[in-house]
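Reading through the structure tokens given below for one structure.
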Amino acid sequence: MPYDVPHAVSPSLWVLAWKRLLADRVAMVSLAIVAAFLLMMLLSGTGLIAKDWSREVGVNYAPPSFAGADAESAAPAPAAPAAGAPSSDASGEIPVVDPLADALAAIRGEAPKATSTEPSAAEGQSVDPLADVMADIKAKGTKADAVEARRSTLPFGGDKWGRDVLKKTIKGSETSIFVGLAAAVVATFLGTVFGAMSGYYGRWLDDIFNWFYSVFTSIPYLLLILAVAAVLQQKGTLTIILILGLTGWTGVFRLIRGEYLKHKGREYVQAADAIGASNVRRMFVHIFPNISHVVLVQLSILTVAFIKSEVILSFLGFGVPVDVVSWGSMLNEAQNELILGKWWQLAAAGTAMALLVTAFSLFTDALRDALDPKLK
Amino acid sequence: MTAYIIRRLWQMIPTLLGVILLVFILFNWIGGDPAYVLAGKISSAEQIENIRRQLGVDQPYYVQLWIFIKQVLTADFGASWSTNEAVSHIMATRLGPSLTVLIPLLILSTIIAIGLALGVAYVRGSLTDRMVMIVCTVGLSISILVYIIVFQYFFAYKLGWFPVQGWGDSFWQNLIVYASLPILIGLVVSIAPDLRLFRTFVLDEINQDYVRTARAKGLSENRIMWVHVLRNASIPIITHVMAQLPGLLIGAFLIERFFSIPGIGREVILAVERSDFPVIKAITVYVAVATMIFTLLADLMYKAVDPRVQLK
């Protein structure tokens, strides 16, 4: 029987790549960090952790526990002007109910535009031009409800409204990573399909896609994103994913087009043709598995790039809506807080992002080396 | 050579048409009626009616497109919707401040990155090399926003070494007083990626036969690195730097915004915030043209530094 011939099953590309990754210590550590962030995103997305991030559990600007409570934190909110509303003296101790938090968030949405044009406040005066408005709102809203105990310190500190920065960072990570991943999937999908059609069919289809490519690449990426953001007036997580995805496919397109050009004339594709495989089948069943490692690496590269872009867009107020917290919107708040000496929100958002991006970049490099050892 | 340049310029026409079409689809079609966009932003109904008439909103799309193409060809994009300033005047006055920051930044970061790349590549594989690469990777991962916020707070607000923000009328005052902290931040942000890239360019050259030959001739290590290797590595470096130029104009927009530098980048952000479509349209088209021209210049430069390159 022919089946008796002893033979060893040669390991597939993915098994080989996985083995190479396992041997790479830097890759494993960064993979663990990335996996932890992804798990955190899932847990937070399903509401298992950080569900109550918007509850105001601490005093305004509660310092981190390891720094200890300072006397200042019990004092009125630093943003409240001394001579403003008389009742603002007590605003530090008075809790604010959740409906009011929404109103504040809505106001805060306008705040970046008003405050950020002059982030200096050189004389150390009140930085927040909306402080008066806020003091008024707080004074009105607090009459009705009971006083609940608020903690003077929080593990990673509290923000302007006494919300827990740790939970906020988790929630912000969820938004930023989700937007980055989803936009990368959109962009990689578009780039792969366009590149496959362009490289495989060639001729006039190739000309059209190349024309698209030259048009999109002649506009600097950030300018293109801002132009699209200017046009799409309604803000939303889906909008920002679409903006990033629809503008970011060009790099993937060029690479995948080259791969399909290279592969379409190979013997195995001719063999597929000979047994009657259709064009679509040859493109996606036969050729695609052979170039899928390029796609995977691109997906990884784009995720990092889009996380960075999302942070900048949300910082500028063109990204996620105001009731959604992301690393970008946290950095926006932190910009004004730093002048008051409240550094923890900046540190939390900045560190979380730097950690994830470093780990993701290192993992991407290792993944590329593992999938294509010839490159090294 | 002339034939090549003419052909390349000829090829720009369909791309430029594509950019015009893309901008048109975005702003006139998806963007919709300016009366709707500007509701609540401009109170004067007369002014909105004026804008609608200029754009030809009530006419068919091909007429609107022709109006836009005429605007591009005559470089007359009308007036800003929010400040009524002529768009051509905005472009002309905002270019100077942007370049005051960007040109020194580009020159300094290129020189420093090349120097460091040569040094790091020379000791490749050593502890120094690995440390520098780790610092670069980590440095790259920190958001540019964090650098700007921290540097502005620490060096300008806390230590008072630089003005927190501002811009004057005198070129030298701007360059030395107001632009120095923005340039410093720009350097910190741009050297890390450049250094990583330039290092691989140098590494590609450092094992070539001509390096061994130069060493066998008894040339000094300095001469080998700075003359022989650098000349060959400069080919991809020049291409990279040239390709970066138009993007830089926009790339520094965060710095311009934080330091209130009245440049192109800050103008883009203001225009997006105010839905000031004529300004965004004009900047997008101009920057796209600049990108195409710089790509052509990069290719010509490529030929100039490396005579082996055949222009096709």
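Chain identifiers are assigned alphabetically (A, B, ...) following the order of the sequence lines, protein sequences preceding nucleic acid strands; residue numbering begins at 1 within each chain.
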- If you tally heavy-atom pairs under 4.5 Å against chain B, which of A:Ala334, A:Ser214, A:Gly328 wins? A:Ser214
- Task: Determine the minimum heavy-atom distance between A:Gly350 and B:Val146, stating which atoms define it.
- Result: CA-CG2, 4.0 Å
- Query: So with a 6.0 Å cut-off around CZ of A:Phe178, is the heavy-atom count from everything else above 12?
  - Reply: no
- Indicate the atoms forming the closest heavy-atom contact of A:Ser218 with B:Thr291, along with that distance. O-OG1, 3.0 Å
- Largest heavy-atom contact set with chain B, pairs under 4.5 Å, which of A:Thr217, A:Leu331, A:Ile307, A:Leu224: A:Leu331
- B:Leu145 portion near chain A, given a 4.5 angstrom heavy-atom threshold: side chain
- Look up atom OG1 in A:Thr351 and atom CD1 in B:Ile142, then write down how far apart they are to the nearest 0.5 Å. 8.5 Å
- Task: Start with the C-alpha gap between B:Leu254 and A:Leu316, add the side-chain angles, then the distance that decides, and say whether side-chain contact (heavy atoms from CB on, under 4.5 Å) holds.
- Result: CA-CA 9 Å; B:Leu254 284 171; A:Leu316 291 172; 4.0 Å; yes
- Message: Do B:Leu22 and A:Phe216 make a side-chain contact, defined as non-hydrogen atoms from C-beta onward lying under 4.5 Å apart?
- Response: yes
- Query: Between atom CG of B:Leu21 and atom CH2 of A:Trp211, what is the distance when rounded to the nearest 0.5 Å?
  - Reply: 5.5 Å
- Is it true that atom CZ of A:Arg254 has more than 12 heavy atoms of other residues, nucleotides or ligands lying nearer than 6.0 Å? no
- Query: With a 4.5 angstrom heavy-atom cut-off, which part of A:Leu362 approaches chain B: side chain, backbone, both or neither?
  - Reply: side chain
- Task: Carefully, step by step, assess A:Leu226 and B:Ile280 under the rule side-chain contact (heavy atoms from CB on, under 4.5 Å).
- Result: CA-CA 9 Å; A:Leu226 286 177; B:Ile280 316 175; over 6 Å; no
- Task: Let me see the working for A:Ile219 and B:Val19 under side-chain contact (heavy atoms from CB on, under 4.5 Å), right down to the final yes or no.
- Result: CA-CA 8 Å; A:Ile219 305 173; B:Val19 171; 4.1 Å; yes
- Query: Which distance, rounded to the nearest 0.5 Å, do you find between the CE of A:Met353 and the OG of B:Ser141?
  - Reply: 8.5 Å
- Could you tell me which portion of A:Leu356 (side chain, backbone, both or neither) has an atom closer than 4.5 angstrom to a non-hydrogen atom of chain B? neither
- Message: With a sphere of 6.0 Å drawn around CE of B:Met131, does it hold more than 12 non-hydrogen atoms of other residues, nucleotides or ligands?
- Response: no
- Query: Which residue out of B:Gly139, B:Pro14, B:Ala290 racks up the most heavy-atom pairs below 4.5 Å with chain A?
  - Reply: B:Pro14
- B:Phe277 and A:Val231: which non-hydrogen atoms are nearest, and at how many Å? CZ-CA, 4.4 Å
- Task: Starting from the C-alpha separation in whole Å, work towards a yes-or-no answer on side-chain contact (heavy atoms from CB on, under 4.5 Å) for B:Val150 and A:Leu346.
- Result: CA-CA 9 Å; B:Val150 171; A:Leu346 177 74; 3.7 Å; yes
- Item | Contact class of B:Ile269 relative to chain A, heavy atoms under 4.5 angstrom | both
- Message: Under 6.0 Å between ring centres: does that hold for A:Phe315 and B:Phe258?
- Response: yes
- Message: For B:Phe155, I'd like to know if atom CZ has over 12 heavy atoms of other residues, nucleotides or ligands within 6.0 Å.
- Response: yes
- Message: For A:Tyr221, which atoms come within 4.5 Å of any heavy atom of chain B: side chain, backbone, both, or neither?
- Response: neither
